[in-house]
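Along the sequence shown, residues are numbered consecutively beginning with 1.
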Amino acid sequence: MTTLDQPTKPSPTPTPVAGRDRPVRRELGIGNTLSHGFLLLWGLLTVLPLLWMFVSSFKTNGEILADPWGLPGTLHLDNWARAWTGAHIGRYFLNSLVVVTGSVALTMLMGATAAYVFARYEFRGRQVVYYLFVGGLMFPVFLALVPLFFVVRNAGLFGTWKGLILVYAAYSLPFTVFFLTAFFRTLPTAVAEAAMVDGCGHFRLFFRVMLPMARPGLISVAIFNFLSHWNQFLLPQVLMQGDDSKWMLAQGLFALSVSQGYAGDYARLFAGLSIAVLPVLAVYVAFQRQVQAGLTAGQLK
């Protein structure tokens, strides 16, 4: 007995859902094009002078004057050696490294401690003290040079690394406290409460629990402070007068630019500038991801 096959019903056509299976369109408007063009122009204006400086540091004075935009015929590494030893850039480099390391360490210790207290503890006058710290951002260093000079001199710290470290730390505290206070507020309170229940004291909670959690923010603000202290010129010029053996790198580069400008030894000048720029570039390349993570951590939490 034969059976007739029942006609099969055609499967319903799926209804397209709005927003799905549509090709992704890249909207290249005028604003987007202008913004990318501006960023490209800004990048070129930043990178090209640095490249020209590095290239010129390997050229002779004759090549710099005859063909300033050309490549060196041979790499003259002796320019860097003459800048490091003859112009005492090596000594100024080490002086700046010692002072900046001490100032950044002191700033981070004091700033992180104060920011943690402002963010996590309630006490009378907390807002007043916090705004006194943050108010330091409103006053530029130029307004305090004269009284700062007399304060440091009367304290017996004029012309010393200790005085410069304390001044660097004092001027970096407002930004450090402001940045880290906002960052500590984004950290989960459940972890701190669990540590306190397990018997963790306040100091142990801060150093063993909260600081490791705040590592992205600490790295970000430490890099900003390092760059600010490393490039500082006005404060050392005012507070480190006299003995040139204690000068900072910015002071040494200023003296080198004046002397070599008259002597015509531009190759050694460009080599000294390149030596000063290398630590800044190395820090940025090594920690650029940590800086981005620290700046966006508060928004992602």
Side-chain angles (χ1 to χ4, degrees), residues 42-105 159-161 164-165 168 222-291:
W42 181 267
L44 292 176
L45 292 177
T46 304
V47 174
L48 290 181
L50 293 177
L51 291 177
W52 179 72
M53 179 185 65
F54 280 114
V55 171
S56 299
S57 66
F58 296 103
K59 299 166 67 174
T60 62
N61 293 318
E63 290 176 339
I64 294 176
L65 296 176
D67 188 11
W69 303 108
L71 297 176
T74 57
L75 297 180
H76 296 274
L77 299 177
D78 58 313
N79 296 333
W80 290 59
R82 291 189 298 113
W84 185 266
T85 57
H88 308 294
I89 295 298
R91 181 172 62 191
Y92 303 144
F93 185 93
L94 296 178
N95 294 346
S96 295
L97 188 62
V98 172
V99 172
V100 171
T101 301
S103 62
V104 170
T160 62
W161 290 349
L164 200 58
I165 289 175
Y168 278 4
I223 292 174
F224 289 141
N225 288 329
F226 172 82
L227 298 179
S228 175
H229 297 177
W230 186 266
N231 297 324
Q232 184 61 246
F233 170 72
L234 188 60
L235 290 176
Q237 190 70 9
V238 174
L239 303 178
M240 293 295 295
Q241 302 177 12
D243 188 8
D244 59 351
S245 63
K246 297 182 179 180
W247 280 3
M248 298 296 102
L249 184 58
Q251 293 176 276
L253 289 175
F254 176 74
L256 179 62
S257 64
V258 174
S259 61
Q260 300 308 311
Y262 287 107
D265 194 355
Y266 298 103
R268 185 162 68 167
L269 175 60
F270 285 126
L273 293 173
S274 301
I275 294 174
V277 171
L278 280 179
V280 178
L281 294 178
V283 169
Y284 175 75
V285 172
F287 297 101
Q288 58 177 336
R289 293 185 178 179
Q290 285 79 357
V291 172

Minimum heavy-atom separation for N79 and A271, please, with both atom names.
O-CB, 3.6 Å

Heavy-atom closest contact (P49 atom, L44 atom, distance)
CD-O, 3.9 Å

At their closest point, which heavy atom of P68 faces which heavy atom of W52, and how far apart are they?
O-NE1, 2.8 Å

Distance-minimising heavy-atom pair for F93 and P279:
CE1-CG, 3.4 Å

Apply side chain to side chain donor-acceptor pair (under 3.5 Å) to S96 and list each qualifying residue two or more places apart in sequence or on a separate chain.
none

CZ (F54) with more than 12 external heavy atoms under 6.0 Å:
yes

Less than 4.5 Å apart, side chain to side chain, heavy atoms only: is that true for I64 and F270?
yes

Where do H76 and T60 come nearest, in terms of heavy atoms and distance?
NE2-CG2, 3.1 Å

Note: R82 and A267 closest approach over all heavy atoms is NH2-CB, 4.3 Å

Side chains of L65 and Y266, heavy atoms from C-beta outward: is any pair under 4.5 Å?
yes

Kindly write out the residues that satisfy side chain to side chain donor-acceptor pair (under 3.5 Å) with H88, not counting sequence neighbours, or none if the list is empty.
none

With a 4.5 Å limit on heavy-atom distance, are the side chains of W161 and M240 in contact?
yes

Ignoring hydrogens and angles, tell me if any N or O in the side chain of N95 forms a donor-acceptor pair with the backbone of M248 under 3.5 Å.
no

